[in-house]
K.L.:
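If you scroll down you'll find the structure; I have some questions about it.
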Amino acid sequence: MRKMLLQYFFRNMDVQLLSIPLFFFLYYIGIFLLFEHSFLAFSSGLIASVGIFTILFLQFYQRSKKMFDVMPIPKKKLVQAKFIFLLYVAGVYVVLFNILHALIIHFREESEWSGWMETVGTTLLIILLVVNLLLFLDFLPNQKIASMMIPLLLSGIAYVLFLSPLHGLPTVEMFSTGGMLATAISTAFLMTWLHYRIIIYLTIKLDIL
Amino acid sequence: MNILEVKNLSKKIGKFELQNISFEVEQGTVMGLIGQNGAGKSSIIRCILNLFKKTSGEITIFGKDHAHFETEIREDLGIVFDELHVPDNLTAIDLDKIYQKVYKRWDSEFFFSLLDRFDISKYDKVKVMSRGMKMKLAIVLALSHHPKLLLLDEPTSGLDPIVRDEMLDLLLGFMEDETHSILFSSHITSDLEKIADTITFIHKGEVLFTETKDSLLYDYGLWKGTKEQATEIPTHAIIGKRPGTFGIELLVKREFVSQAFPLERPTIEEIMVFQVKGG
């Protein structure tokens with residue numbers, strides 16, 4: 001029974017399971033490049049990945065709950081399966097982030113990594129913004145959603161501006177430690193929100209779920 | 001033998017309250033739960049399923065306490081709500097895979113044969129199905145593990161007459177086995193007239209009566225006449241009245257009314273309306 005539940009959860013959450021760390025790795029690169037502060041980038045990226053996945057999973061579970069509620073499945077087993085699934089995912093993310101972190105460190109020490117990494121990071125960010133702009137246009141007839149998109153876009157622009165010091169200025173001199181932390185937290189929040197919107201966009205457009 | 005027994009069930013849900021609900025469903029019979037929207041029919045079914053925790057009372061299904069033996073009992077229960085409660089990204093094939101791992105007696109062959117019989121696509125996702133298709137799929141899912149008791153909560157509401165008729169046919173087929181029983185809640189009383197053996201009338205969280213359908217239809221009579229003629233009918237015989245084409249219509253207890261007054265056979269819907277509106 002537990003195996004069936006875990007298979008069901010994995011099958012229905014596979015897109016999110018793979019895409020979330022990808023998006024947060026992008027955030028990780030941004031923070032790492034900007035502040036050269038790998039622990040901050042690593043821990044907040046990991047926490048945000050697990051956090052956003054948990055939220056999406058619980059939303060998905062809510063949609064399946066009514067089906068499970070009337071089945072001969074002991075409630076205890078359902079709760080256990082939920083926790084075991086989230087533990088698995090957290091474990092996968094910890095391993096994944098550690099591998100990525102080790103790779104980044106390796107590249108940093110072995111090669112001139114920062115040049116292409118900057119380009120890749122900035123390109124991905126621009127893609128994110130374009131996707132969100134499409135989202136904005138797509139939902140335009142729905143004024144409520146459109147109005148929610150405006151602060152998102154503003155935040156996106158702010159984020160790009162925030163990354164501009166990458167191209168030359170010594171950032172550590174520009175910001176105090178407190179400012180760095182505040183910016184990192186807002187960036188994590190922004191990336192979470194961007195990712196959430198993108199998942200919704202992909203779900204609707206590509207009929208993934 | 002009683003398949004389902006509800007004794008003095010009470011449950012408070014916000015301002016609404018189920019009060020001392022008692023009834024039994026005998027093996028091999030269909031009980032209809034009727035009442036207005038908000039009368040408490042769905043709450044009773046949710047209490048039976050232990051989805052709502054009862055405040056007090058006793059509920060036994062197949063002679064076992066409904067809460068202590070919840071998982072065991074569910075193997076023999078088929079449950080249909082007014083909507084199909086499965087994730088809408090799944091197809092019937094996906095559902096078969098899930099259900100066969102959950103129900104010990106899940107019969108895939110029977111499931112797919114019912115899908116074919118009712119023209120339900122096994123490849124379509126639930127989200128592209130019409131409401132009628134979804135409800136037929138809900139009943140097919142509820143039947144394919146060969147349950148002994150079906151609990152149906154407004155399964156036919158919002159469906160066109162043809163789909164409703166198909167669903168009732170399916171239920172009549174289920175009742176061909178004498179060990180099977182159904183508790184069917186609905187405010188569409190014509191559906192219950194077709195298949196119910198007994199009727200329990202719920203009003204404002206209380207049981208107004210439980211009677212066999214035949215005795216219910218025989219015990220009550222519908223009298224139509226002028227207001228002057230109506231004064232000759234004993235007041236204790238009158239259950240309810242409403243203005244009619246000839247002046248007034250009365251729902252009366254046949255046993256208290258002289259044969260001099262011609263009485264028509266009321267429908268369950270008329271009995272329900274008169275009971276609710278009263279005098």
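Letters A, B, ... mirror the listed sequences (proteins, then strands); counts begin at 1. Keep in mind that this is a model prediction, so the values were computed, not measured.
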K.L.:
With a 4.5 Å heavy-atom cut-off (strictly below), which parts of residues 71-82 of chain A touch chain B? List them by number.
P.N.:
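Those residues of residues 71-82 of chain A which have a heavy atom under 4.5 Å from chain B are A:M71, A:P72, A:I73, A:P74, A:K75.
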K.L.:
Is there a side-chain contact between B:L171 and B:F184 (heavy atoms, below 4.5 Å)?
P.N.:
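Yes, side chains in contact.
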K.L.:
Less than 4.0 Å between a side-chain N and a carboxylate O, is that true for B:R105 and B:D76?
P.N.:
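Yes, B:D76 and B:R105 are salt-bridged.
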K.L.:
Hey, are B:H187 and B:E154 close enough side-chain-wise for a donor-acceptor pair under 3.5 Å?
P.N.:
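Checked: B:E154/B:H187 side chains pair up, N/O donor to acceptor below 3.5 Å.
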K.L.:
Restricting to ring-ring contact (aromatic ring centres under 6.0 Å, His included), what partner residues turn up for B:F174, sequence neighbours left out?
P.N.:
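By the ring-ring contact (aromatic ring centres under 6.0 Å, His included) rule, B:F174 matches B:H180.
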K.L.:
Only counting residues at least two apart or in another chain, list the ones meeting ring-ring contact (aromatic ring centres under 6.0 Å, His included) with A:F85.
P.N.:
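Result, ring-ring contact (aromatic ring centres under 6.0 Å, His included) vs A:F85: A:F9, A:F10, A:F53, A:F57.
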K.L.:
Below 4.5 Å, heavy-atom pairs only: which of B:I98, B:I79, B:V102 has the largest tally toward chain A?
P.N.:
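It is B:V102.
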K.L.:
Quick one: are B:L170 and B:K136 in side-chain contact, heavy atoms under 4.5 Å?
P.N.:
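No, too far: nothing below the 4.5 Å cut-off.
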K.L.:
Of the listed residues (B:L151, B:L51, B:L49), which shares the most heavy-atom pairs with chain A below a 4.5 Å separation?
P.N.:
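Max contact count across the listed options: B:L51.
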K.L.:
Pick one of side chain, backbone, both or neither for B:L95, based on which atoms fall under 4.5 Å of a heavy atom in chain A.
P.N.:
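Just its side chain gets close to chain A.
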K.L.:
Where does the angle between the aromatic ring planes of A:F68 and A:Y8 fall among parallel (under 30°), tilted (30 to 60°) and perpendicular (over 60°)?
P.N.:
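Aromatic pair A:F68/A:Y8 classed perpendicular.
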K.L.:
Going by ring-ring contact (aromatic ring centres under 6.0 Å, His included), name the residues that satisfy it together with B:H66, two or more places apart in sequence or in a different chain.
P.N.:
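Testing B:H66 for ring-ring contact (aromatic ring centres under 6.0 Å, His included), a comparison that skips the adjacent residues, returns none.
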K.L.:
Let me know if B:E70 has heavy atoms under 4.5 Å from chain A in its side chain, its backbone, both or neither.
P.N.:
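When you check distances to chain A, only side chain atoms of B:E70 fall under 4.5 Å.
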K.L.:
Which answer fits B:L84, side chain, backbone, both or neither, if we ask what part of it has an atom under 4.5 Å from a heavy atom of chain A?
P.N.:
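B:L84 has no heavy atom closer than 4.5 Å to chain A.
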K.L.:
What option among B:D94, B:L77, B:I73, B:N50 has the most heavy-atom pairs under 4.5 Å with chain A?
P.N.:
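Most heavy-atom pairs within the cutoff with chain A belong to B:D94.
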K.L.:
For the candidates A:K3, A:K65, A:M4, A:Q7, which exhibits the highest count of non-hydrogen atom pairs separated by less than 4.5 Å from chain B?
P.N.:
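Max contact count across the listed options: A:M4.
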K.L.:
For the side chain to side chain donor-acceptor pair (under 3.5 Å) test, which of B:N37, B:D153, B:D82 pairs with B:S42?
P.N.:
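Result for side chain to side chain donor-acceptor pair (under 3.5 Å) with B:S42: B:D153.
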